[in-house]
Amino acid sequence: MTTNIQNQWSSQMGFILAAIGSAVGLGNIWKFPYLTGEYGGGAFVIIYLICVVLMGLPIMMAEVLLGKRGAGSPVASMRNLAKEAGQSRLWQLLGWLGVIAGFLVLSYYSVIAGWTLDYVWNSASGTFATNNTPAAIKSIFTDLTSNPTYLLILHSIFMLVTIIILARGVQGGLERAVKFMIPALFVVLIMLLAYAISTPKFMDGVHFMFDINFNKFFYPDGENFSGKGILVAMGQAFFSLSLGMGAIMVYGAYLPKDASIAKTTAIVAFADTLVAILAGLIIFPIVFSNGLEPNAGVGLVFQTLPIAFGQMPFGNIFGSLFFLLLTLAALSSAISLIEPAIAWLVETGKCARVSATIVIGIATWLLGFVTIFSFNEWSEFKLFSMNMFELIDYVTSNIMLPLGGILMAIFVAWLMKSEDVTSELKVSAQNFGYQIWNFLLRYIIPLAVTLVFLNAIGIF
Ligand code: PHE
């Protein structure tokens, strides 16, 4: 990966910023609240948090460790590490799985990022202030998603910016931006939280997020048991933390020898979780205070926050600032989604970085059409009762990323030499924290993910 980040900060900080840039994005502010709304609130949140702590954090450590030691694209890293550990070359397929997952995710991620871009303009031009009823705000969103040409323009702009940044290999600059962007996003979120607290139904939002009702969660229709919420909460933990597909592996190379893998990953996971929880605490009070439904789906954020921006003083400015920061946060995630594919193509020696970026960028852009049409022309076309966007999202978040994650866990905990692992972590094999981590990776994570998968395909 081309980066000059080490020259700019102590590298540990560089890694933390790059990883936070990757982790914090649409997953936290767009996806987490709408999934929480769809899966009924508190029970989803608690299972999500358990997945972050028991799976996300240990797997992030494992993935960083693989990247730090493998030092290449995910495909090459896994090939190198398999060789070092005397394992099958087939392990490079794990790198492939990540390359493909990143490409698939970015194809729709860019379309959604296009929506946020449109909302920068909508806020700035005062559209939300003049259309300030929940119904009018909702129709702004439905007008947007039913207009494929406009969605295509927005998607193209976002992909173009992503490609330009990647082709120039200026991640260093982007990470410098992250240093300001994340704190700025945080400040805007705190201000929005203050607004949410001032709404009449703030506490309803809090109860919705934190009252745990497993009945509603496991029996969504009141009768039949469904474990799907667990699969989705787990998938969301992987998605939000950027795990299981090599993004964090590629960034693991930023870590200098003396950095602490445990400490840095804990900071990244904490920051990511905080942003998601804040987003929920802002959005649900607005939902309840305006008589909206929490299960509005993908449009939830776009149909709630503008109400707040339309009402608050200087809402135009805050609104456009917020959506701009969200677009930038999406950009720093987008870059990490596709970097594994670019790094792989460059490594094959067939093309230079600029052409690799263009080729993969165009392929991603083209695939994005599928998502664009899922919201309008093809919205009736369904497989397994999901439209194409939902299907791509389901397969990547709920299957490919967790699968990548358990394979990483198994590789690190069962197949790598334990001296290599402990030396990367700079601990002794007797270290208690190490033993817990190793136990989670060896037994709990593979078992838990397998059970969730088996349940999802209806085996029990
Ligand atoms: N974590 C990013 C987000 O929450 C999305 C992402 C997933 C980025 C996987 C990289 C890898 O928006």
Side-chain angles (χ1 to χ4, degrees), residues 1 15 17-36 48 51-52 55-57 59-60 63-64 67 73-74 95 97-116 158 162 166 171 174-175 178 181-182 185 189 232-252 265 268-280 298 301 325-343 360 364 392-405 408:
M1 168 146 194
F15 168 79
L17 289 171
I20 290 183
S22 169
V24 174
L26 299 173
N28 311 61
I29 290 171
W30 163 69
K31 206 171 177 194
F32 175 77
Y34 94 70
L35 291 177
T36 301
Y48 173 77
C51 289
V52 167
M55 291 183 188
L57 201 54
I59 291 181
M60 194 186 277
E63 187 166 343
V64 173
S73 76
L97 180 73
V99 167
I100 296 168
F103 163 70
L104 290 172
V105 171
L106 184 57
S107 78
Y108 78 75
Y109 201 85
S110 164
V111 175
I112 315 291
W115 301 352
T116 64
F158 187 81
T162 308
L166 279 165
Q171 285 93 336
L174 202 97
E175 282 129 22
V178 168
M181 185 190 83
I182 295 293
L185 184 64
L189 286 172
V232 174
M234 180 178 87
Q236 173 60 11
F238 281 90
F239 183 89
S240 191
L241 295 170
S242 304
L243 294 180
M245 47 110 356
I248 290 294
M249 206 190 279
V250 171
Y251 284 173
T265 51
V268 175
F270 178 75
D272 186 72
T273 308
L274 189 65
V275 173
I277 296 291
L278 270 176
V298 291
V301 175
L325 290 168
L326 184 54
T327 312
L328 292 176
L331 194 60
S332 60
S333 303
I335 282 166
S336 70
L337 276 162
I338 203 69
E339 180 64 28
I342 296 172
I360 293 174
T364 316
I392 298 178
D393 178 35
Y394 187 93
V395 169
T396 48
S397 298
N398 301 342
I399 301 172
M400 295 176 86
L401 302 187
L403 184 64
M408 288 174 192

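Side chains are part of it too, since the values below use all heavy atoms of this structure and drop only hydrogens, waters and symmetry mates. Read the numbers this way: they start at 1 and go in the same order the structure lists the ligands and their atoms.
Residues passing the side chain to side chain donor-acceptor pair (under 3.5 Å) test with T327 are T116, sequence neighbours excluded. For the side chain to side chain contact (heavy atoms under 4.5 Å, CB included) test, residues two or more places apart in sequence or in another chain that qualify with S336 are S22, A247, Y251. By the side chain to side chain contact (heavy atoms under 4.5 Å, CB included) test, A276 pairs with N28, F32, sequence neighbours left out.
Using a 4.5 Å cut-off on side-chain heavy atoms (C-beta onward), V395 and L104 make no contact.
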Pairwise, report which nitrogen or oxygen atoms of ligand 1 are under 3.5 angstrom from protein nitrogen or oxygen atoms, and how far apart they are.
residue  : atom   : partner : partner atom : Å
ligand 1 : 1 (N)  : S22     : O            : 3.3
ligand 1 : 1 (N)  : A23     : O            : 3.1
ligand 1 : 1 (N)  : F239    : O            : 2.8
ligand 1 : 1 (N)  : S240    : O            : 3.0
ligand 1 : 1 (N)  : S242    : OG           : 3.0
ligand 1 : 4 (O)  : A23     : O            : 2.9
ligand 1 : 4 (O)  : G27     : N            : 3.3
ligand 1 : 4 (O)  : N28     : OD1          : 3.4
ligand 1 : 12 (O) : L26     : N            : 3.1
ligand 1 : 12 (O) : G27     : N            : 2.8
ligand 1 : 12 (O) : Y109    : OH           : 2.4

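Among V268, I29, V275, L241, the one residue that satisfies the side chain to side chain contact (heavy atoms under 4.5 Å, CB included) test with V24 is V275.
Aromatic ring pairs are classed by plane angle as parallel below 30°, tilted from 30° to 60° and perpendicular above 60°; the pair F239 and Y108 is parallel.
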